[in-house]
Colleague: 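Dumping the structure here so I can ask a few things about it.
Convention: sequence-line order gives letters A, B, ...; per-chain numbering from 1.
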Amino acid sequence: MRQSTLFSSTLRESPADAEAASHKLLLRAGYIRQLAAGVYAYLPLGLRVLGKLERIVREEMDRAGAQELLMPALQPAELWRASGRYDVYGPELIRLKDRQEREFALGPTHEEVVAELFRNEISSYRRLPVTVYQVQTKYRDERRPRFGLLRGREFLMKDAYSFDASWEGLDASYRGMYEAYLRIFERCGLRFRAVEADAGAIGGEGGSHEFMALADIGEDTIVACTHCAQAANVERAASGIDRQPADGGGSTTLEKRRTPNVRTIEQLSRFLGAAPSRLMKTLVYAADGEPVAVLVRGDHEVNEIKLKRSLGVERLELADAATVEAVTGAPVGFAGPVGLPIPVFVDDAVARMPSGVVGGNEADMHWIGVVPGRDFPVERTGDVRNAAEGETCPHCREGELRFHRGIEVGHVFKLGTKYSAAGGATVADAEGKETPVIMGCYGIGISRLLAAVAEQRHDERGLAWPASIAPYRAHIVPVAMRDETQRSLAEAMYATLLRHGVEALLDDRDERAGVKFADSELIGVPVRIVVGKHAAEGNVEWVDRATGERTVVPKEEALARLIGNDESFR
RNA sequence: CGAGACGUGGCUCAGCUUGGUAGAGCGCUUGCUUCGGGAGCAAGAGGUCGCAGGUUCGAAUCCUGUCGUCUCGACCA
């Protein structure tokens, strides 16, 4: 590509709307342009990177035995009604009507469609297992699109679906995809971690893993052990073992204390001179509409996903102030389990406390010396809080739990029969009996992956792509196009690279050296070949974008390195 | 969805408080000079000031509504 004819141009300043590094740089370097909130156009440079990512994904999917197909983004509402998700999915599902007032949705995912296809194509267990995949644009009307490509409303996704006759078969299919994902993210030059995950709205009975790109801007928190391989999304991670001594030393004599205007844990801690870990927090939730109380230690946070799972309910939200006051008979801030007329669920860490301080269910009053079980009935105990940093790993009991931020670039699920049962996707088993097929689903956010790599591979000057996904392999930069020696050498090298199938970008613009170098570093092609003052001797500069390392080499050597082994430099 | 902020040439912004008919830098065009780290000089082009109402002799500026965008939160494969 001749840079003089490149469609996009670089921006000297970041557009004011951009916040994330990847967003700013992708805009400035001319990879993407925004069209609406969470909706982006890919300019030629951006599309090249996207294409590279797609190719890697396709190669690994094919290698894992998956077959590519393409399903429609426009999907009849009936399909979504049948699975029960038309209403459950909520406003994130973009709904529209055709001229006949027939209802459609723009696909945020394709479990329904693929189950429908399967139902009509395959009816015998003898044709299993089978896995299909597609690379396709998805639509999700996010409440809050942000950070450019990291959370868009229209985005490119690879989704795959496996069909098996048995759970053992699903395990094998899942393992195959999991391993393909490891290869894909490695090939993309991503620093990532595979973690245990919660299956969320996509649901299903089996396990689930997320592939997290490590980045501070990530919206997910990963809980990882310093000693063993255990790592999980905080949504799912088992709480660690607390270093806190179990005997505590607090009074176990139940006693009511006047605590005027003390509503928060912080205030209570200060008022009583007791650490938050000696206090108990009572939260009232509406669980499928029914009020329940949850008790966690003052220094802990309720994990609503774990709580939801533990309660076995569909909907869970904090009760509103009116409900709290009706249930406790006290203003918000004084709720406590003693004498509470609703079921009380107790976190494991609270259950281990010899005694604690709780709200009095009466304005300006708290109980101290409260013992769970003795002073109030415990409906059930369980792990319903977030793991905390620094706790001992509950798995190996050796290491410490550490938190990391991550961007979810891939997610694999064992779905089981949730969609096949609803969609009538069954096969005849060996006895000729119809049974729902066992499904898995596997997603990679390709456009998000692009942004995640940009998030990890950049410096103050611009992007620095890994060779495997860079828009070009080499950026040929003649310092002065007017110098005939430089110009003809640069042109000759460019032609040679193209002839050997090496993608090259030639900066043939009549710009000053500073402009060319700055643009080159912004665009981030892995290798820059500077054709300058050494051109007369047939030498060029080889500049590594990522390290900044520069060496003067004969032009033949530079060409040989680029043509000979494409993958050898990074 | 709750809260906050912002919409002025392609980009970054000033002007708005105190209404008087639109500015700067970057980018773009042309010419001359310069030429290995975002050049200098000169001359140009480019804007219904998001949109719609209202107030006023007069609105980028004041008022109302509306649309859009961003940030924080809530929520969420």
Colleague: Taking side chain to side chain donor-acceptor pair (under 3.5 Å) as the definition, give me every residue that meets it alongside A:T323, ordered by chain and number, with sequence neighbours left out.
Modeller: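 By the side chain to side chain donor-acceptor pair (under 3.5 Å) rule, A:T323 matches A:D320.
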Colleague: State whether A:R144 places a side-chain N or O below 4.0 Å from either non-bridging phosphate oxygen (OP1 or OP2) of B:rC72.
Modeller: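 It does, given that an N or O in the side chain of A:R144 lies less than 4.0 Å from OP1 or OP2 of B:rC72.
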Colleague: List for me each residue that meets ring-ring contact (aromatic ring centres under 6.0 Å, His included) alongside A:Y178, sequence neighbours excluded, and say none if there are none.
Modeller: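 A:Y178 satisfies ring-ring contact (aromatic ring centres under 6.0 Å, His included) with A:H209, A:F211 once adjacent residues are dropped.
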Colleague: Going by the side-chain hydrogen bond (donor to acceptor under 3.5 Å, both in side chains) test, which pairs reach into residues 14-23 of chain A, not counting sequence neighbours?
Modeller: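 Only A:S22-A:E455, A:H23-A:Y40 qualify under side-chain hydrogen bond (donor to acceptor under 3.5 Å, both in side chains).
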Colleague: Does anything in residues 509-517 of chain A reach RNA chain B, meaning a heavy atom under 4.0 Å, and if so which residues?
Modeller: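 The stretch gives A:R512, A:A513, A:G514, A:V515, A:F517 as the residues lying under 4.0 Å from the strand, ordered by number.
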Colleague: Filter on salt bridge (Lys or Arg N to Asp or Glu O under 4.0 Å), then keep only pairs touching residues 474-486 of chain A, sequence neighbours left out; what's left?
Modeller: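 Matches after skipping sequence neighbours: A:R482-A:D510, A:E484-A:R487.
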Colleague: Looking at residues 20-32 of chain A, who's got a heavy atom less than 4.0 Å off RNA chain B?
Modeller: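 A:R28 - these, ordered by number, are the residues of the stretch whose heavy atoms sit under 4.0 Å from the strand.
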Colleague: Does a distance-only test, which skips hydrogens and angles, find a donor-acceptor pair under 3.5 Å between the side chain of A:R146 and the base of B:rC72?
Modeller: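 Check fails, no donor-acceptor contact within cut-off.
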Colleague: Which salt bridge (Lys or Arg N to Asp or Glu O under 4.0 Å) pairs, counting each pair once, include a residue from residues 30-50 of chain A, with sequence neighbours left out?
Modeller: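 Checked against salt bridge (Lys or Arg N to Asp or Glu O under 4.0 Å) - neighbours excluded - the pairs reaching residues 30-50 of chain A are A:R48-A:E503.
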Colleague: For A:E54, which residues count as a side chain to side chain contact (heavy atoms under 4.5 Å, CB included) partner, sequence neighbours excluded?
Modeller: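 A:E54 satisfies side chain to side chain contact (heavy atoms under 4.5 Å, CB included) with A:L50, A:R58, A:V135, A:L156, A:I446 once adjacent residues are dropped.
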Colleague: Test of understanding: with side chain to side chain donor-acceptor pair (under 3.5 Å), list the residues that count as partners of A:E304, not counting sequence neighbours.
Modeller: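 A:Y285.
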Colleague: Between A:G443 and A:R550, just flag the one whose closest nucleotide in RNA chain B comes earlier from the 5' side.
Modeller: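 Result: A:R550.
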Colleague: Counting side-chain heavy atoms from CB outward, which of B:rC35, B:rG36, B:rC76 is closest to A:E142?
Modeller: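 My answer, after comparing the listed nucleotides, is B:rC76.
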Colleague: Which residues satisfy the ring-ring contact (aromatic ring centres under 6.0 Å, His included) test with A:F163, sequence neighbours excluded?
Modeller: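 ring-ring contact (aromatic ring centres under 6.0 Å, His included) check on A:F163 returns A:F118.
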Colleague: Return all side-chain donor-acceptor pairs below 3.5 angstrom for residues 24-32 of chain A, not counting sequence neighbours, or 'none' if the list is empty.
Modeller:
unit_1, atom_1, unit_2, atom_2, d
A:R28, NE, A:L11, O, 3.1
A:Y31, OH, A:W465, NE1, 2.9
A:Y31, OH, A:I523, O, 2.6

Colleague: Polar atom pairs between nucleotides 12-15 of chain B and protein, under 3.5 Å, N or O only, would you list them?
Modeller:
unit_1, atom_1, unit_2, atom_2, d
B:rU12, OP1, A:A16, N, 2.5
B:rU12, O4', A:E13, OE1, 3.4
B:rU12, O2', A:E13, OE2, 3.2

